[in-house]
Amino acid sequence: MEVGAEQGRAAENGQSNAPSREAGSSPCSSLKMFLGALSFAYFSKSLSGSYMKSTITQLERRFDIPSYLIGVIDGSFEIGNLLVIAFVSYFGAKLHRPKIIAMGCVLMSIGTFIIALPHFIIGRYEFETSVRWEINSTNSLSPCPKSSPALLAQGSDLPGVPNTKCEGESNLSMWIYVLLGNVLRGIGETPVQPLGISYIDDFASQENAALYVGCVQTISVVGPVFGYLLGSMCAKIYVDIGFVNMETITIGPSDARWVGAWWLGYIIAGVLTLLSAIPFWFLPRSLPIGQRGAAQCSPEQTSFIKDTPLLEHKYPADEPTGFLEMAKDFIPTLRILLGNPMYLIYLCVTIIQLNSLIGMVTYKPKYIEQHFGQSASKANFLMGVINIPAVALGMFSGGLCMKKLKLSLMGAARFALSTSLIGYFLSLFFFAMSCENAKVAGVTLPYDGMDGLPFDKPTAFAACNSDCVCSGNDWDPVCGEDGITYVSPCLAGCSGSAGSGTNTVFSNCSCVGTAGNLTARTGQCLHRDDCDRMFPYFLALSVITSFIISLGGTPGYMLLIRCIEPQLKSLALGFHALATRTLAGIPAPIYFGAIIDTTCLKWGQKRCGGIGACRIYNTAAYRIAYLGLTLSLRSISFLVCIPGFILLRRQVRKEQRNAIHGALANGGAEMEVLRKDETAVCDAERSQHTDEHRGADRETRL
């Protein structure tokens, strides 16, 4: 009965002493199963996270909100992490880690489905266009209606169309569901990283731990490849595909009003995340004894670990304990963790660098769209196919280099800083890759086509369209034969139209300056030769810098793991994630978006008034704000690294001196033991000789 009870308790802890268990499942296979399950979970969560990044312009246009609100939605994921990460990281390490990860994956999938929910409960997407009204109208009105008392009496922004669509304005607040779903995603993602990484580090050999972590981190970067590719595919599909006649749609994927099928990707990502939860339900709480053996700390690592009586009585991860017993040690343990100066400096550096990284990655597709005139689909495709694989290769190569070169703590720190500095200096060349502003009459240049119009004094009206009753708030761009974009057919002075949908051609446009051919077609002019030549160089430099910077990712992460007490790993990783999400993940997208909003030249208008999404930006100001803020934050992080390196070097030298003194002391003690052993042997030999002589004397007497 006692044996059965003992086996039952062992089974509850995820262990078994039965021979069949040892024969059927080896420690190595169990670890590989967990590694595969964790890799799939990383893949799923990173895919859905990158898909969120790829849809920021789609969400911005669909819900008609500015960039800073998109930043709030994107940062809500980190808010979800913030709510529970400290407790999950601390208490989760003492409970069944695989099952906690499984529950987190289920929550992530539910949150992802909630994000897609608004598409199914709000009406069809309606964008600003005069062509649609003409198509649906029984009267063939001119794009340029003449002034009349009847039109002036209506007081409507769109001539001839009553402003009676405000009853649907409340639907635009549906972006709240996207925010709440993202919060739930953040709560579910919380246990995956700290509990998963600590589980691997606990049961993998020290020489393989860095490689395994590098593999998991690499998979987490492969996920965004498919996330951005999924975003590229969905961005090509119209948001209401299957419910509208596409022949009546006058915009294309490159139009600033185009919204793709953003909801479709969230459904796919939610299904994948739900599937990733299944393997964790069948994994043990801890691996069989003997997987790793006694924990071994390198001499450098011991210099950062303070011997404390509190930690000697910590409960092992595979020993069940009560909630109160674990809770009473939380604050003292956290105090010990924050008392490590190297941990604090590392925390500050990563917070600053992640502010730069998160802001840059969040708005990079939008930067490619606005600065280089690419569609959202192409921007996401390039991010997934070119940029993200370079990051994955860099992170894997960094982990491999650390294993092959057997980098110490100091070596890992130097390697991470060197790669970051090289990437920083290469990034300065992005400032030279500039594009001119799009030529938009009344916004970036005057109607006569001559440069020099101040950006702070745009005017939508001119003498050429003074005979038309036009709204200055609409954004329905047409491309004139002179290569200049006009805000709307009305403001271009067009009096006639032919064709339908994207093939509509406007005629008799009084503001179009090409002599003898006064026509315009729907859509914005996309011909910018300087950007077409510069764009390949931008992509090449982006790939190189991404690879070099990511080389230091895995060594830097292992530096965090190895400079802390082994029993504090889960808490240290969790608190690190808590701090970075609170001080980087939440605010970075918001203030990056707010600064980008200041460079907007033409805002869209909501149906019932108020500012909507930005339609066109000041390219030069956008570049300076986006790149300048990114590189300024990284400059500050390098300054914080200086005291960290000084402290690290002192600790390493101190430990080396202690090791030498310890070796000498141990050598002296060993010599003393050898002397005692030799004395004991000599005494034994003398005693033996004495006994032999006494025996000989007795025989002689006899």
Side-chain angles (χ1 to χ4, degrees), residues 48 51-74 76-77 111-129 132 165-182 185 227 230-244 246 248-270 362-363 365-366 369-370 375-377 379-380 474-476 589 593 596-597 600 602-616:
S48 59
Y51 184 76
M52 166 64 75
K53 303 286 186 184
S54 71
T55 58
I56 60 170
T57 55
Q58 312 295 314
L59 297 174
E60 185 176 325
R61 297 166 184 173
R62 181 63 184 92
F63 299 107
D64 221 6
I65 54 179
S67 296
Y68 81 91
L69 274 182
I70 288 294
V72 173
I73 294 175
D74 187 72
S76 64
F77 177 85
T112 307
F113 291 137
I114 292 177
I115 293 177
L117 182 63
H119 172 75
F120 300 97
I121 57 179
I122 61 178
R124 303 287 174 255
Y125 174 56
E126 297 181 5
F127 53 88
E128 303 169 74
T129 177
R132 182 200 291 128
K165 296 184 179 181
C166 289
E167 64 272 8
E169 189 71 15
S170 60
N171 290 335
L172 298 181
S173 62
M174 286 293 176
W175 63 267
I176 296 294
Y177 286 90
V178 180
L179 184 143
L180 295 178
N182 213 26
R185 278 188 59 243
L230 181 62
S232 175
M233 180 191 72
C234 294
K236 293 181 180 179
I237 305 172
Y238 188 65
V239 59
D240 293 321
I241 186 70
F243 296 95
V244 296
M246 293 302 298
T248 64
I249 303 300
T250 61
I251 59 177
S254 59
D255 195 284
R257 297 162 294 170
W258 175 269
V259 175
W262 59 274
W263 51 272
L264 180 60
Y266 287 110
I267 295 178
I268 297 174
T362 300
Y363 294 100
K366 185 173 183 176
E369 293 176 44
Q370 297 294 332
S375 66
S377 176
N380 292 329
D474 290 339
W475 177 258
D476 187 14
I596 289 173
D597 283 339
C600 183
K602 176 67 177 178
W603 289 96
Q605 297 292 321
K606 296 182 180 180
R607 288 192 295 265
C608 296
I611 295 177
C614 183
R615 303 304 187 190
I616 186 172

Asks: Provide the closest heavy-atom pair for Gly231 versus Ser54 in the form atom of the first, atom of the second, distance.
Replies: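 Heavy-atom minimum between the residues: CA-OG, 3.6 Å.
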Asks: To the nearest 0.5 angstrom, please state how far the CG atom of Asn380 sits from the SG atom of Cys234.
Replies: 9.5 Å
Asks: Taking Arg61 for its side chain and Trp258 for its backbone only, find out whether a donor-acceptor pair lies under 3.5 Å.
Replies: yes
Asks: So, for Gly111 and Arg185, which heavy atoms are closest and what is the spacing to 0.1 Å?
Replies: C-CG, 4.0 Å
Asks: In terms of heavy-atom contacts, does CZ of Phe120 have more than 12 from other residues, nucleotides or ligands at under 6.0 Å?
Replies: yes
Asks: Go through the structure and list residues passing salt bridge (charged side-chain N to carboxylate O under 4.0 Å, His left out) with Asp255, not counting sequence neighbours.
Replies: Arg257
Asks: Considering all heavy atoms of both residues, which atom of Ala269 and which atom of Ser48 are nearest to each other, and what is their separation?
Replies: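 Closest pair (atom of Ala269, atom of Ser48, distance): CB-CB, 3.8 Å.
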Asks: Is Leu69 close to Ile73 at the side-chain level, that is, under 4.5 Å between some pair of heavy atoms?
Replies: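 Ile73 vs Leu69: side chains apart.
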Asks: Main chain of Gly260, side chain of Gln58: is a donor-acceptor contact present, judged purely on distance under 3.5 Å?
Replies: yes
Asks: By side chain to side chain contact (heavy atoms under 4.5 Å, CB included), which residues pair with Leu59, not counting sequence neighbours?
Replies: Met52, Thr55, Phe63, Ile70, Val178, Trp262, Tyr266
Asks: State, with a plain yes or no, whether a side-chain heavy atom of Arg124 is found less than 4.5 Å away from one of Val239.
Replies: no
Asks: OG1 of Thr57 to CD of Glu369: how many Å apart, nearest 0.5 Å?
Replies: 4.0 Å
Asks: If you round to the nearest 0.5 Å, how far is CG of Leu179 from CD1 of Ile114?
Replies: 11.5 Å
Asks: Please give me the minimum heavy-atom distance between Ala116 and Ile267, naming the atom from each residue.
Replies: CB-CG1, 4.1 Å
Asks: Under 6.0 Å from the OH atom of Tyr177, do we count more than 12 heavy atoms belonging to anything else shown?
Replies: no
Asks: If every non-hydrogen atom of Trp603 is compared with every non-hydrogen atom of Pro66, which pair is closest and at what distance?
Replies: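 Distance-wise, the nearest heavy atoms are CZ3-CB, 3.9 Å.
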Asks: From Leu230 CG over to Ile268 CD1, what is the distance, rounded to the nearest 0.5 angstrom?
Replies: 5.0 Å
Asks: Please evaluate residues Phe113 and Leu117 with respect to the criterion side chain to side chain contact (heavy atoms under 4.5 Å, CB included), reporting the C-alpha separation (whole Å), side-chain torsions for both, the decisive distance (0.1 Å), and the verdict.
Replies: CA-CA 6 Å; Phe113 291 137; Leu117 182 63; over 6 Å; no
Asks: If you round to the nearest 0.5 Å, how far is NZ of Lys602 from SG of Cys614?
Replies: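 Answer for the SG-NZ pair, Cys614 versus Lys602, is 10.0 Å.
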Asks: Where is the tightest heavy-atom contact between Gln370 and Arg615, given as atom of each residue plus distance?
Replies: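 Smallest interatomic distance, heavy atoms only, reads OE1-O, 4.5 Å.
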Asks: Let me confirm one number: the OG-CD1 distance from Ser76 to Ile176, rounded to the nearest 0.5 Å.
Replies: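 Output value for this atom pair is 10.0 Å.
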